[in-house]
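Shown next, in structure tokens, is the structure this report addresses.
We use all heavy atoms of the structure for the numbers below, so side chains are in, but hydrogens, waters and symmetry mates are not. Counting from 1, the numbers follow the sequence of the chain as shown. Model, not experiment: these values are computed from the prediction.
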Amino acid sequence: MCGFAGFLKAAADSACQLESVAASMALAIQHRGPDDAGVWVDAQAGVAFGHRRLSIIDLSPAGHQPMQSASGRFVMAFNGEVYNHLEIRLELESVATVPVWRGHSDTETLLAAIEHWGIEETLQKTVGMFAIALWDKHERSLYLARDRFGEKPLYYGWTGLVGAKSFVFGSELKALRVFPGFNSPVCRLALAQYMRFMYVPSPRSIYQGVFKLEPGCLLMVQGRPPAGAPAQPLRPGQAHGSVSVQRWWSLNDVVQAGARNPVVDDGEALRLLDERLTEAVSLQCRADVPLGAFLSGGVDSSAIVALMQRQSSRPVKTFTIGFDEQGFDEAPHALAVAQHLGTEHHEMRVSAQMAQGVVPRLPQMYDEPFADSSQIPTHLVCQAARQHVTVALSGDAGDELFGGYNRYFWGPRIWRRVAWMPPAARQLLGSGIAALPVHAWDTLGKALGAGAGTGGVARVGDKLHKLAARLKAVHDMDGFYLSLVSEWEDPGSLVIGEGGLPVQEPSSPLEDSLPPAAAESDQLRMMYRDTMTYLPDDILCKVDRAAMATSLETRVPFLDHRVAELAWRLPVSMKIRNHTGKWVLRELLYKHVPRHLIERPKAGFAVP
């Protein structure tokens with residue numbers, strides 16, 4: 001886990017000037033890599049890489065970056081982990097004459113693999129999370145690559161003097177802002193999208209001319225980059241002068257392949273999930289530094305910890321936080337699971353003052369508007385974990401892959417009950433729901449047993465009030481889903497554009513065409529869209545920034561792409577059964593943890 005930044009300039013500068021700028025950009029993200037720093041430049045080509053290292057694999061100087069390949073052709077700045085790099089080394093040694101290894105870092109493995117197979121084939125062989133900047137000296141070409149699901153961030157764009165803008169890239173926006181002459185104004189279109197989703201969705205960033213590379217994509221700059229940014233963000237398959245973007249991995253293809261080879265037997269599904277997830281956890285437990293896991297006591301984190309502990313000869317270090325406010329404190333559930341599994345459990349109690357103390361730091365952590373309130377407890381649990389470990393595994397992505405969000409099973413049921421109503425009647429129903437205060441709905445929900453069992457709903461009143469607002473302007477299930485993931489229904493009206501007029505909200509990847517297999521059911525459509533948008537731009541962004549602000553590496557076993565491929569082979573009935581999500585994952589967990597310790601309403605990682 002590290003951070004990098006760099007640029008490609010049209011105007012020639014001295015090597016000293018390039019080094020100074022690259023070093024300053026890297027210094028801005030020192031928190032991502034406090035253990036080592038490095039700079040590499042080619043003044044003739046106008047290219048520079050700056051790197052900050054958090055040493056996880058190969059703590060020796062042999063892991064120093066930016067790193068050159070053995071032949072000297074390629075230079076790489078790398079952020080992330082390739083969990084199967086030892087297996088890639090063995091494959092390389094069996095098919096090619098490889099130089100004597102200088103160390104045992106995954107960066108060195110990647111460079112040797114790229115020398116032999118090229119970058120696209122090498123990426124296909126990886127199991128991991130990463131962002132990569134690669135310079136090919138022979139072809140004078142720059143490559144930027146991002147992992148399949150977007151665990152690691154990667155920004156790119158144009159900034160600097162008008163008419164001579166430079167192509168810049170980096171792990172965080174704060175590194176790009178250090179570039180001399182940075183003059184990119186706020187993107188009003190991105191701001192409108194933020195007001196809908198409460199995060200800025202890819203491929204835009206909050207700055208004009210600066211973009212996010214989408215997950216599973218490879219960007220190539222072959223020759224000098226254009227002097228200015230494209231009018232619209234580059235999507236896969238598009239180009240702007242010498243700059244082009246393409247997909248090297250496609251979730252669309254995975255969904256279609258899963259539909260062609262479905263798992264139809266419950267027992268077979270459980271066996272395969274046990275195998276795949278156990279292997280993913282095993283690979284992600286490789287580290288040369290102390291390692292632990294987050295544990296909320298919910299299905300996802302408990303499953304990861306259970307599989308970790310099954311493979312470990314020592315108690316796994318687990319971490320959770322607790323609140324004094326009733327209804328938000330999951331610490332007792334985490335403790336019960338930890339005691340059953342025999343982990344070395346650590347709990348941080350969070351006061352209102354501690355939570356409020358995080359707020360002034362959020363702009364520095366996130367660089368652009370980001371309004372998921374769980375960023376606060378996420379940062380606090382990362383702080384607690386960093387006191388004991390350098391790497392922590394998490395249970396993120398279990399909801400998207402195995403149908404865990406309440407909207408997957410409650411959304412279609414609610415829509416079927418109101419779809420027949422005229423819009424005016426739905427508006428009247430929404431107004432009626434909103435008329436009863438939140439606390440009254442909570443009391444009524446408890447009396448009716450709405451919070452009981454695995455299919456219950458925590459904080460009923462809050463969710464019903466949000467539902468009331470969404471019933472007023474939707475016309476079909478897809479529109480209902482969009483309303484469920486939207487904060488404002490007409491965000492463009494809130495943002496002033498050119499001439500003082502409201503901006504026209506741009507399209508987002510939510511509107512991309514669906515793979516036919518995912519279009520078959522309401523639940524699959526929502527799960528696919530969440531995986532393409534909400535997961536990388538909210539969940540993974542939140543965890544990456546919250547963790548890296550404390551120099552903690554987080555790993556997500558559910559995002560081993562082979563686990564995801566299996567998940568898309570499973571029918572909806574193995575994910576959502578009896579109005580309860582994650583059925584097959586629960587069945588796996590119940591082999592290790594008693595059912596009564598897990599069965600409770602899904603609450604999410606919320607703050608009071």
Side-chain angles (χ1 to χ4, degrees), residues 185-208 210-212 231-233 235 366 368-375 405-408 410-412 414-415 417-436 438 461-514 522 525-526 528-530 532-539 541-542:
V186 166
C187 176
R188 313 299 286 181
L189 297 177
L191 190 57
Q193 289 184 309
Y194 162 74
M195 296 306 297
R196 176 178 293 280
F197 299 112
M198 296 290 95
Y199 59 83
V200 178
S202 298
R204 283 184 168 83
S205 83
I206 196 59
Y207 294 115
Q208 289 183 28
V210 178
F211 311 111
K212 301 178 178 86
Q232 297 293 330
R235 301 298 310 279
Y366 287 89
E368 61 183 356
F370 186 76
D372 184 333
S373 62
S374 64
Q375 64 192 300
Y405 291 130
N406 288 326
R407 57 177 170 263
Y408 297 157
W410 286 109
I414 291 171
W415 181 248
R417 283 164 172 76
V418 301
W420 61 273
M421 293 182 176
R426 287 199 295 268
Q427 292 180 10
L428 186 62
L429 176 61
S431 299
I433 293 172
L436 195 64
V438 169
D462 182 58
K463 291 179 171 62
L464 281 175
H465 268 238
K466 290 180 179 179
L467 171 65
R470 284 148 173 76
L471 285 175
K472 298 179 180 180
V474 296
H475 304 286
D476 55 28
M477 184 58 217
D478 287 339
F480 189 42
Y481 164 76
L482 179 61
S483 76
L484 291 173
V485 298
S486 300
E487 191 67 26
W488 291 87
E489 291 297 332
D490 184 18
S493 66
L494 304 173
V495 182
I496 299 173
E498 294 182 5
L501 299 174
V503 304
Q504 185 69 37
E505 183 188 3
S507 62
S508 79
L510 267 184
E511 299 170 55
D512 289 354
S513 60
L514 292 163
D522 296 332
R525 291 200 302 275
M526 289 189 282
Y528 178 83
R529 286 170 169 149
D530 280 346
M532 294 292 289
T533 57
Y534 179 67
L535 178 64
D537 291 330
D538 187 304
I539 300 298
C541 171
K542 171 189 68 181

Does atom CG of Leu436 have more than 12 heavy-atom neighbours from other groups under 6.0 Å away? yes
So if I apply the side-chain contact (heavy atoms from CB on, under 4.5 Å) rule between Ser486 and each of Met195, Arg196, Met198, which one comes out positive? Arg196
In short, Val485 meets Phe197 closest at the heavy-atom pair O-CD2, 3.6 Å
Taking side chain to side chain donor-acceptor pair (under 3.5 Å) as the test, write out the residues that go with Ser508, two or more places apart. none
Met532 CE to Leu514 CG distance, which is reported to the nearest 0.5 Å: 9.5 Å
What residues, two or more places apart in sequence or in another chain, satisfy side chain to side chain donor-acceptor pair (under 3.5 Å) together with Tyr366? none
Rounded to the nearest 0.5 Å, what separation is found between the CD atom of Glu368 and the SG atom of Cys187? 10.5 Å
Distance-minimising heavy-atom pair for Val503 and Ala192: CG2-CB, 3.6 Å
OH on Tyr481 to CG on Leu510, rounded to 0.5 Å: 5.0 Å
Is there a side-chain contact between Val200 and Asp537 (heavy atoms, below 4.5 Å)? no
Determine whether Ile414 and Phe480 make a side-chain contact, defined as any pair of heavy atoms from C-beta on separated by less than 4.5 Å. yes
Side-chain touch Arg529/Glu511, heavy atoms, less than 4.5 angstrom: no
How many angstroms lie between atom CD of Gln375 and atom CD1 of Ile539, to the nearest 0.5 angstrom? 11.5 Å
The reported gap from CZ in Phe211 to CZ in Arg235 (rounded to nearest 0.5 angstrom) is 12.0 Å
Going by distance alone, is a donor N or O of one side chain under 3.5 Å from an acceptor N or O of the other, for Arg188 and Gln504? no
Once rounded to the nearest 0.5 Å, what's the spacing between atom CE of Met526 and atom OH of Tyr405? 12.5 Å
Glu489 meets the side chain to side chain donor-acceptor pair (under 3.5 Å) criterion, sequence neighbours left out, with none
Intermediate values then yes/no, side-chain contact (heavy atoms from CB on, under 4.5 Å), Asp530 and Tyr408: CA-CA 11 Å; Asp530 280 346; Tyr408 297 157; 2.6 Å; yes
Compare all side-chain heavy atoms of Thr533 with those of Pro509 and state whether any distance is below 4.5 angstrom. yes
So Tyr199 and Tyr534, would you call those rings parallel, tilted or perpendicular, with 30° and 60° as cut-offs? tilted
For atom CH2 of Trp488, decide whether the heavy atoms of other residues, nucleotides or ligands shown that lie under 6.0 angstrom number more than 12. no
Between Phe370 and Cys541 the two heavy atoms that sit nearest each other are CE1-SG, 4.2 Å
May I ask you to decide if Val210's main-chain N or O and Ser205's side chain share a donor-acceptor pair within less than 3.5 Å? yes
Has the side chain of Lys212 got a donor or acceptor atom that lies under 3.5 Å from a matching backbone atom of Pro203? no
